[in-house]
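Note: hydrogens, waters and symmetry copies are ignored here, and every other heavy atom, side chains too, is used. Positions are given from 1, in the same order as the sequence printed here.
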Amino acid sequence: MQGKLTESASPYPDLDKMEILSFLKLMNEEDQKVPVAVARQIPEIGKLIVAISGKLQAGGRLFYVGAGTSGRLGVLDASECPPTFGVPDTMVTGIIAGGETALRKAVENAEDETLQGWLDLKQHDVNASDFVIGISASGDAPYVLKCLENCKGNGIATGSISCNPGAAISSVADYAVELLTGPEIISGSTRLKAGTAQKLVLNMISTAVMIRLGRIKGNKMIYVKPTNQKLKNRAVNMIMEMLNIDQIKASQLLFQYGSVADAVKNYR
């Protein structure tokens, strides 16, 4: 791991001696480097989004594959797509090394498995109509790297999100994003800046792709699932604004059609 930015020594050797407010100020200053690193990769992120959108528009699916923090972030982003955008649970899927257990408890050796990533992906009948993104801060987690290599060998389009220049997964992926956030304030703790950068990019990917798929109208989540009172109120307010009607009528339409999109489409 020598020479990798994500494994470089922290430039702050005396964190344990710092006053809490000084430490928090320092950590905040380091975090401000993250959006700058993301901004540098916007052209590459854009290419990735266009490629994913094409696959999903044709009926394909998106898979995130990762280990540790990277895997958890992929699962998080995938799990939020159905309630936010009203898409099927199978459209965006997060796969993490170590499975469900690894979401809550570290299974760190799972990332060293060279075959399991591909085997886990195959459980979903992945094929050439789909798109797979490998997420790895170091860029060389075997679970992710070997999975992408198998995808390439089977004609499946791929992307990668890493935090090191010239990362191994970048050389395998069709569309590579490298977020150079630098050494972590705690040496090697990539749940910090690297994880934040990955989260920002995943936000960009899922949001932009869903906009391209027509799951957003203007700036409104017209396919949001009204599964609690807060979301029901939000849906009613959207219907009121979009149709210029009162709350009672908007509530009736939401009850009748189940979503803002269908209520607006069927309004006479």
With sequence neighbours excluded, residues passing side-chain contact (heavy atoms from CB on, under 4.5 Å) with Ile216: Phe85, Ile211, Met221
Working for side-chain contact (heavy atoms from CB on, under 4.5 Å), residues Phe131 and Cys151: CA-CA 9 Å; Phe131 198 102; Cys151 286; over 6 Å; no
Could you tell me if the side chain of Phe63 sits less than 4.5 Å from the side chain of Arg61, heavy atoms only? yes
For Tyr143 and Ile95, the nearest pair of non-hydrogen atoms, with its separation, is OH-CG2, 3.3 Å
Ion pair present between Lys220 and Glu241, side-chain N to carboxylate O less than 4.0 angstrom? yes
As an exercise, state the distance from CG of Asn237 to CD of Gln247, rounded to the nearest 0.5 Å. 7.0 Å
Do Asn203 and Lys199 have a side chain donor and acceptor closer than 3.5 Å? yes
Heavy-atom closest pair (Cys163 atom, Ala194 atom, distance to 0.1 Å) is SG-CB, 3.6 Å
Gap between atom CD of Gln41 and atom CG of Leu180 - 0.5 Å precision: 6.5 Å
Flag, side chain of Asp77 to backbone of Leu73, donor-acceptor distance under 3.5 Å: no
Do Leu231 and Lys225 touch side chain to side chain, with heavy atoms closer than 4.5 Å? no
If I compare all heavy atoms of Glu111 with all of Ala67, which pair ends up nearest, and what's the gap? CB-CB, 3.4 Å
Give a yes or no answer on whether the side chain of Asp246 reaches the backbone of Ile248 with a donor-acceptor pair at less than 3.5 Å. yes
side-chain contact (heavy atoms from CB on, under 4.5 Å) evaluation trace for Tyr223 with Val260: CA-CA 6 Å; Tyr223 287 96; Val260 175; over 6 Å; no
Using the side chain to side chain contact (heavy atoms under 4.5 Å, CB included) rule, pick out the option among Ile45, Ile42, Val38 that qualifies with Val177. Ile45
Taking all heavy atoms of Ser187 and all of Ser10, pick out the closest pair and write down the distance. OG-N, 2.7 Å
Salt-bridge criterion met for Lys265 and Asp262 (N-O under 4.0 Å): yes
With heavy-atom distances below 4.5 Å as the criterion, would you say the side chains of Arg215 and Ile222 are in contact? no
Met210/Val92 under side-chain contact (heavy atoms from CB on, under 4.5 Å): CA gap, chis, key distance, verdict: CA-CA 11 Å; Met210 292 302 164; Val92 185; 3.9 Å; yes
Would one find more than 12 heavy atoms of other residues, nucleotides or ligands at under 6.0 Å from atom CD of Glu29? yes
Are Leu192 and Ile161 connected in a single hydrophobic cluster, I mean Ile/Leu/Val/Met/Phe/Trp/Tyr linked by side-chain heavy atoms less than 4.5 Å apart? no
Calculate, to the nearest 0.5 Å, the distance between atoms CD and OG1 belonging to Glu80 and Thr207 respectively. 9.5 Å
Can you name the one residue among Thr181, Ile185, Thr6 that meets side chain to side chain contact (heavy atoms under 4.5 Å, CB included) with Lys193? Thr181
Ignoring hydrogens and geometry, is there a side-chain-to-backbone donor-acceptor pair from Ser171 to Ala168 under 3.5 Å? yes
From CG (Leu48) to CD1 (Ile205), nearest 0.5 Å: 4.5 Å
Under 3.5 Å, is there a donor-acceptor pair between the Glu184 and Ser189 side chains? no
CD/Gln57: more than 12 non-hydrogen atoms of other groups inside 6.0 Å: yes
Applying a strict under-4.5 Å side-chain criterion to I, L, V, M, F, W and Y, I'd like to know whether Leu145 and Val126 cluster together. yes
Side-chain donor-acceptor pair under 3.5 Å between Ser138 and Glu7, yes or no? no
Would you check if Thr190 and Thr69 make a side-chain contact, meaning some heavy-atom pair closer than 4.5 Å? no
Say whether Leu21 and Met27 are linked into one hydrophobic cluster, either directly or through other cluster members, by side-chain heavy-atom distances under 4.5 angstrom. yes
Measure the shortest side-chain to side-chain distance between Ile133 and Ser160 over non-hydrogen atoms and say whether it is less than 4.5 angstrom. no
Check: Leu254 and Ile239 side chains under 4.5 Å, non-hydrogen atoms: yes
Non-neighbouring partners of Lys122 that pass side-chain contact (heavy atoms from CB on, under 4.5 Å), sequence neighbours left out: Trp118
If you take all heavy atoms of Cys147 and Leu121, which pair is closest and at what distance? SG-CD2, 3.6 Å
Verify, without hydrogens or angle tests, whether Thr158 (side chain) and Leu148 (backbone) share a donor-acceptor contact under 3.5 angstrom. no
Over all atoms of both residues, closest heavy-atom pair of Pro13 and Asp16: O-OD1, 4.4 Å
Just checking, any donor-acceptor pair under 3.5 angstrom between side chains of Ser162 and Asn164? no
Identify whether Val132 and Val172 are in the same connected component of the hydrophobic contact network (ILVMFWY, side-chain heavy atoms under 4.5 Å). yes
Evaluation steps, side-chain contact (heavy atoms from CB on, under 4.5 Å), between Leu26 and Met18: CA-CA 10 Å; Leu26 177 61; Met18 295 181 69; 3.9 Å; yes
Hydrophobic cluster membership, with links at side-chain heavy-atom distances under 4.5 Å among I/L/V/M/F/W/Y: are Leu5 and Tyr12 in one? no
Would you compute the distance between atom CD1 of Ile49 and atom OG of Ser206 and round it to the nearest 0.5 angstrom? 8.5 Å
Side-chain contact, heavy-atom cut-off 4.5 Å: Val75 with Tyr64? no
Could you check whether any side-chain heavy atom of Leu56 comes within less than 4.5 Å of a side-chain heavy atom of Met91, counting everything from C-beta outward? yes
Just wondering, more than 12 heavy atoms not from Glu19 lying within 6.0 Å of its CD? no
Is the shortest side-chain N to carboxylate O distance from Lys152 to Glu149 below 4.0 Å? no
Measuring from atom CG of Leu179 to atom OG1 of Thr196, what distance do you get when rounded to the nearest 0.5 angstrom? 11.0 Å
Whether over 12 other heavy atoms sit under 6.0 Å from Asn244 CG: no
Would a distance-only check, ignoring hydrogens and angles, find a side-chain to backbone donor-acceptor pair under 3.5 Å from Glu178 to Ala167? yes
